[in-house]
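Data block below; observations after.
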Amino acid sequence: MNYRNLHAWDVSATRAVEIQKELRSLIELTPLTDVELVAGADLAFPDAKHGVAAIVVLNISTMRVVEQVIVHETVNFPYVPGLLAFREGPVFLKAWQQLRVLPDVVMFDGQGIAHPRRLGIASHMGLFLDLPTIGVAKSHLYGSFIEPPNVQGSYTFLYDNNEVIGAVVRTKVGNKPLFVSPGHKCDVLSALKLTLRCCTKHRLPEPTRLAHELTQKYKHVGLFG
DNA sequence: GCGACAG
DNA sequence: ATCTTGTCGC
């Protein structure tokens, strides 16, 4: 699977929804194995027409940064709940091209299969990259659940009728839980396990948290700094 | 018709 | 996401 064969980004919202329906069957929910390099991606928007994307790669054993890249690009697609990949995907992929190492899995700031059409940004990008991906959202989009206990590491499952599509995880006491769901080539438990392993001392997992940190600095320095 | 709605 | 100061809590 290569992203060049999937579709173009410059499409209407209606077409975007059709594309998601066409791609959902391609998602593979297989267990995650032999993970060493974990990447985290995040986006920021300095103004209405530009987006900044950062990717930070960590060695899961040492939790040290192996590589990080950051790029900026003009954005056209507006933010529409359910169509996040069409707004952030292009900038993310530009950053991805700058990466020298190949991560074993990528964590995104958004949903995986916990999406109306099972194609959150993590799932969509997973197909483009043909790599395992995980969606780690800071808030709810789709699925039913009960609030997990206010205890570090506790979690409940996210359901779509009787199907488990993700987990609601309390990574930090007193804070809102995270909505974790597999994107591609990963299953719910693998996504849950890796996410908890990356949440060392903050609510967000290190990969995504560090990428966000980078993106914010870059945004304040300016597009040319 | 009404409420929900990743970033 | 972004605009923004002080402020409550561990």
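Quick caveat: nothing in here was measured; it's all calculated off a predicted structure. Letters go in sequence order (proteins before strands), and every chain restarts at 1.
The closest donor-acceptor contact from the side chain of A:S154 to the backbone of A:P149 lies under 3.5 Å. Using a distance-only test at 3.5 Å, with no hydrogens or angles considered, a donor-acceptor pair links the side chain of A:D47 to the main chain of A:K49. The backbone N or O of A:G82 sits less than 3.5 Å from a side-chain atom of A:Q20, completing a donor-acceptor pair.
Ring geometry for A:Y159 against A:F157 counts as perpendicular: the plane angle is over 60°, on a 0 to 90° scale with 30° as the lower cut.
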Kindly give the atom pairs (protein nitrogen or oxygen, nucleotide nitrogen or oxygen) under 3.5 Å for nucleotides 8-10 of chain C.
none

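Among the atoms of the strands shown, none is found under 4.0 Å from any heavy atom of A:A114.
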Audit row: A:Q97, A:K94, side-chain hydrogen bond (donor to acceptor under 3.5 Å, both in side chains) steps and yes/no: CA-CA 5 Å; A:Q97 299 183 312; A:K94 181 177 181 179; over 6 Å; no
Bracket notation of DNA chain B in which parentheses pair within the strand, [ ] cross earlier pairs, and | pairs with another strand (Watson-Crick or G-U, under 3.5 Å): .......
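Side-chain atoms of A:R87 and A:F45, non-hydrogen and from C-beta on, do get closer than 4.5 Å to each other.
Rounding to the nearest 0.5 Å gives a distance of 12.0 Å between CZ of A:F128 and NE2 of A:H184.
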Reading 5' to 3' through nucleotides 1-7 of chain B, protein heavy-atom contacts under 4.0 Å coded B for base, S for sugar-phosphate only, - for none: ----BBB
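A salt bridge does not link A:E18 with A:R15: every distance from a Lys NZ or Arg NE/NH1/NH2 to an Asp or Glu carboxylate oxygen is 4.0 Å or more.
Scanning both residues, A:P148 and A:R170, for their nearest heavy atoms gives O-NH2, 2.6 Å. For A:I70 against A:T215, the heavy-atom pair with the smallest separation is CD1-CA, 4.1 Å.
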